[in-house]
Enquirer: 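Pasting a structure below so you can have a look.
From a predicted model like this one, the values you see are computed outputs, not experimental measurements. Indexing begins at 1, ligand by ligand and atom by atom, following the structure's order.
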Amino acid sequence: MNEANDFVGARRAVPLLNELYQEVILDHNKRPRNFLRLPNANATAHGRNPLCGDDYFLDLVLGAGGRIEKVGFEGSGCAISKASCSMMTTLVEGKTVAEAEELKEHFIHLLTDKKLPTKSLEAVGRLKIFEGVRQFPVRVKCATLIWRALEEALKDQNQRKTEISTEEETL
Ligand code: ZN
């Protein structure tokens, strides 16, 4: 991945956002938060966006009571995808699975609904800086990739839960 081109690409993709918001995305790209694999993860997913070359592993530590205790990601991709990963990890850590899924739904709506969903715009909080990405369909996939991976990781966890409860029944 060519860093310089990636940087220019990020600038080009967010021309409608004000400078402060651009800075937030570029800062998360440069210093991604929770950029590590979690050896004790009990839910994981691998998200790839071949169109752009974004490729990330997502690890979650899910605690009792359905709370997301720790989130980590690792991989490479464009500035928008990496900033989205980084911000996602800071926002869902400490949330319940239900709360994280709700945030994910709002974020996907914000980027993919034909008409700007004002309810979701309010619900996503700091993630509203990605609103301008709506106008660039190719970039929408970059921004939503890690949220799709989160969806998969939580699905994975739900399946394990089902298996566990089946085992419990046979005891
Ligand atoms: Zn990308």
Enquirer: Any ring-ring contact (aromatic ring centres under 6.0 Å, His included) pairs touching residues 59-104, not counting sequence neighbours?
Expert: F35-F73, Y56-F73
Enquirer: Determine, stepwise, if the pair S120 / H109 fulfils side chain to side chain donor-acceptor pair (under 3.5 Å).
Expert: CA-CA 7 Å; S120 292; H109 279 303; 5.4 Å; no
Enquirer: Suppose the cut-off is 2.8 Å; which protein N/O/S atoms would you list for the Zn ion (ligand 1)?
Expert: C52 SG, D54 OD1, D54 OD2, C78 SG, C142 SG
Enquirer: Show me the pairs that pass salt bridge (Lys or Arg N to Asp or Glu O under 4.0 Å) and involve residues 65-77, at least two apart or across chains.
Expert: K70-E93
Enquirer: Do E101 and K104 sit within salt-bridge range, that is, some charged N less than 4.0 Å from a carboxylate O?
Expert: no
Enquirer: Which pairs, with at least one residue in residues 26-41 and sequence neighbours excluded, count as a salt bridge (Lys or Arg N to Asp or Glu O under 4.0 Å)?
Expert: D27-R31, D27-R33, R37-D59
Enquirer: Heavy-atom count around K141 NZ within 6.0 Å, excluding the residue itself: above 12?
Expert: no
